[in-house]
Amino acid sequence: MATEPLYFTTPLFYVNAEPHLGHTYVTLVGDVLARFWRARGRTVLTLTGTDEHGDKIAQAAAAAGVEPKAHADRVSGLFRSTWEAVGFRYDHFIRTTDAYHVAFVRSVLADIHARGDIYFGSYRGLYCFGCERFYQERELVDGVCPDHRVVPTVIAEENYFFRMSAYQERLRATLEARPALIVPEGYRNEVLALLREPIGDLCISRPKSRLAWGIELPFDERYVTYVWFDALLNYVSALDHLGRMELWPAAHHLIGKDILKPHAVFWPTILMAAGLPLFQRLCVHGHWQMQQGKMSKSVGNVVRPLDMKARYGMDAFRYYLLREMAFGQDAEFSETALVQRLNGDLANGLGNLASRVLAMQQRYFAGVLRPLAPEAPDERLRAAFAEARRELDAHVADLAFHRALEALFRALDHANKYVVETAPFTLAKDEARLPRVGAILHELCEALRVTAQLVEPFLPETASRLAGLLGFPPVRLGELGLPWGTAFPAGHATRPPEPLFPRVEVVPE
Ligand SMILES: [Zn+2]
């Protein structure tokens, strides 16, 4: 069980906006999970990419006065360069305009059509161009799209339909039998509620007369396929392309709650029709709020990851996002709160501990570690960090990143208290007590070493700098998981302290 490979995916991002906080958060979560599970010896593959077909993209390209593909090239490139600049890692970046993806979508469409689950019919419905989907009357709020607050357009046309309703009961039964298929639980309940009403069939084509920017249906060249049918298949087409289909049922899809229905209803029924097993888990996060409403380009309050990195350092930004949001719930983004976390938890908690310990190590022993006290070992710190490790592992498995960091920083609080209680700076005034001072500092260096290891998935740059200050080359970070008291060979020296997190004095409005 614990050796199963893991496949993490972010949603494909529409190339109608530059990377903002929502994109950044979910890509960060993928980066954290990959680092975390790799450090525990698991095989991991991560996928991200861009969704490049559909009305919205055609409109954005037209507004910019360029061809859709040229527009998609530019914005897709912006995502890749941004993730590189902020240090997010992923194994593969897919674009829905990639030839292998187009071929894969066409083959799945042909297959489902041949099985009789795609039929031709006429349709008259309420269409929201922003959402790129038809709405049922009861889904509207006061007659408008709940996301875009616009009256949907009445569209009547002949189209192809996916027989989604044929899989409704099987989906409901699967969701009952597999409670962990959609997490957190509230979203599973939301989907079960949706499935109590008839879900109907899904219109999966758009006439080229209305929209030409899409993947042509293999069985009718007058139509392109619906953008969701195209985009959702990326999770499988990428593996097929990479020759890694053995990872398929191991998929953990990371998504925002605004795209729950396509992922929890369209996607599993498409998989069923295509004869593929369902993903392992749908992991649904809430929205970042700013003042009021969901953050989006149209609202105008965009948080750009590169601005945040320049202003506070990427690790402080990562820490804030992971510590502030309970995965699944909404959270409010505030730079003031970010600065408080930076000055409090990071500078005063972790940064201050590292500075004090490394400074004393220099002052009393020229950086060279002294033995742990063999006759009276200090169990307090060792126990606190062992507990932090256990809690952190359990919380990350549950996607409770805020709790994982809380557990680690509780252990760091213990370490800061341990400095005050043992008072090595007072003991050091008596030369006879120096062996005890050396033992205390050794315990504290162990605490910092374990911190570097545990914090790496969340704050990779900090982990690497901390490892360096402790006298380990960065490449040896993976070896920092050695048992307490065995990591520092005889004569090992730490380096003089450097501030890990410079305090930010100006709190922005
Ligand atoms: Zn809408």
Side-chain angles (χ1 to χ4, degrees), residues 10-23 25-26 50-64 68 71-72 75 96 123-157 159 161-162 164 187 190-191 193-194 197 199-207 210-214 224-232 255-267 269-270 282 284-302 330:
T10 76
L12 292 194
F13 305 126
Y14 267 129
V15 290
N16 66 339
E18 64 179 288
H20 58 58
L21 188 55
H23 306 128
Y25 177 73
V26 73
T50 41
D51 184 0
E52 306 185 1
H53 291 126
D55 291 326
K56 269 193 264 191
I57 311 308
Q59 284 164 10
H71 171 80
V75 183
T96 55
Y123 191 79
R124 185 182 167 82
L126 301 164
Y127 190 79
C128 173
F129 281 90
C131 296
E132 301 196 4
R133 76 171 180 95
F134 285 100
Y135 271 92
Q136 285 162 323
E137 201 94 50
R138 63 182 157 81
E139 291 180 292
L140 302 176
V141 177
D142 301 326
V144 299
C145 160
D147 275 353
H148 295 92
R149 315 263 159 91
V150 294
V151 179
T153 310
V154 177
I155 287 184
E157 61 195 17
N159 266 309
F161 292 83
F162 165 51
M164 191 161 72
Y187 296 107
E190 225 174 90
V191 175
L194 266 179
E197 303 280 337
I199 55 173
D201 290 342
L202 184 65
C203 178
I204 56 139
S205 67
R206 299 289 180 264
R210 179 152 69 78
L211 172 74
W213 182 236
V224 295
T225 195
Y226 174 43
V227 66
W228 272 113
F229 201 98
D230 163 356
L232 288 164
I255 65 160
K257 67 178 185 180
D258 54 321
I259 50 174
L260 177 63
K261 187 178 176 184
H263 279 83
V265 179
F266 304 171
W267 182 222
T269 53
I270 291 169
L282 191 60
V284 189
H285 68 79
H287 286 154
W288 285 97
Q289 315 276 357
M290 243 173 121
Q291 286 111 37
Q292 53 192 345
K294 187 179 114 182
M295 195 171 318
S296 74
K297 197 181 176 184
S298 55
V299 181
N301 46 11
V302 177
D330 291 348

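Residues: numbered from 1 along the sequence shown. It should be emphasised that the depicted structure is a prediction, and the values quoted were computed from it without experimental measurement. Order of appearance sets the numbers: ligands from 1, and atoms from 1 within every ligand.
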| Under 2.8 Å from the Zn ion (ligand 1), protein N/O/S atom count? |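 For the Zn ion (ligand 1), the figure is 4.
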
| message | Looking at Asp330 and Trp288, would you say the former's side chain and the latter's main chain have a donor-acceptor pair under 3.5 Å? | response |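 Side chain of Asp330 to backbone of Trp288, a donor-acceptor pair under 3.5 Å: no, none is there.
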
| task | Mark yes or no for whether Trp213, through its side chain, and Val224, through its backbone, hold a donor-acceptor pair below 3.5 Å. | result |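 Side chain of Trp213 to backbone of Val224: no pair is present.
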
| Among all residues two or more places apart in sequence or in another chain, which pass the side chain to side chain contact (heavy atoms under 4.5 Å, CB included) test with Arg210? |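 Arg210 satisfies side chain to side chain contact (heavy atoms under 4.5 Å, CB included) with Asp55, Tyr127, Phe129, Ile155, Glu157, Arg206, Pro207 only.
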
| field | side chain to side chain donor-acceptor pair (under 3.5 Å) partners of Lys56, counting only residues at least two apart | value |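 Side chain to side chain donor-acceptor pair (under 3.5 Å) list for Lys56, sorted by chain: empty.
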
| query | Is there any salt bridge (charged side-chain N to carboxylate O under 4.0 Å, His left out) pair reaching into residues 135-146, and which pairs are they, with sequence neighbours excluded? | reply |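 Salt bridge (charged side-chain N to carboxylate O under 4.0 Å, His left out) check on residues 135-146 returns Arg133-Glu139, Glu139-Lys261.
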
| message | Within this structure, what is the CZ-CH2 distance for the pair Phe162 and Trp228, rounded to the nearest 0.5 Å? | response |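 One finds 15.0 Å between CZ of Phe162 and CH2 of Trp228.
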
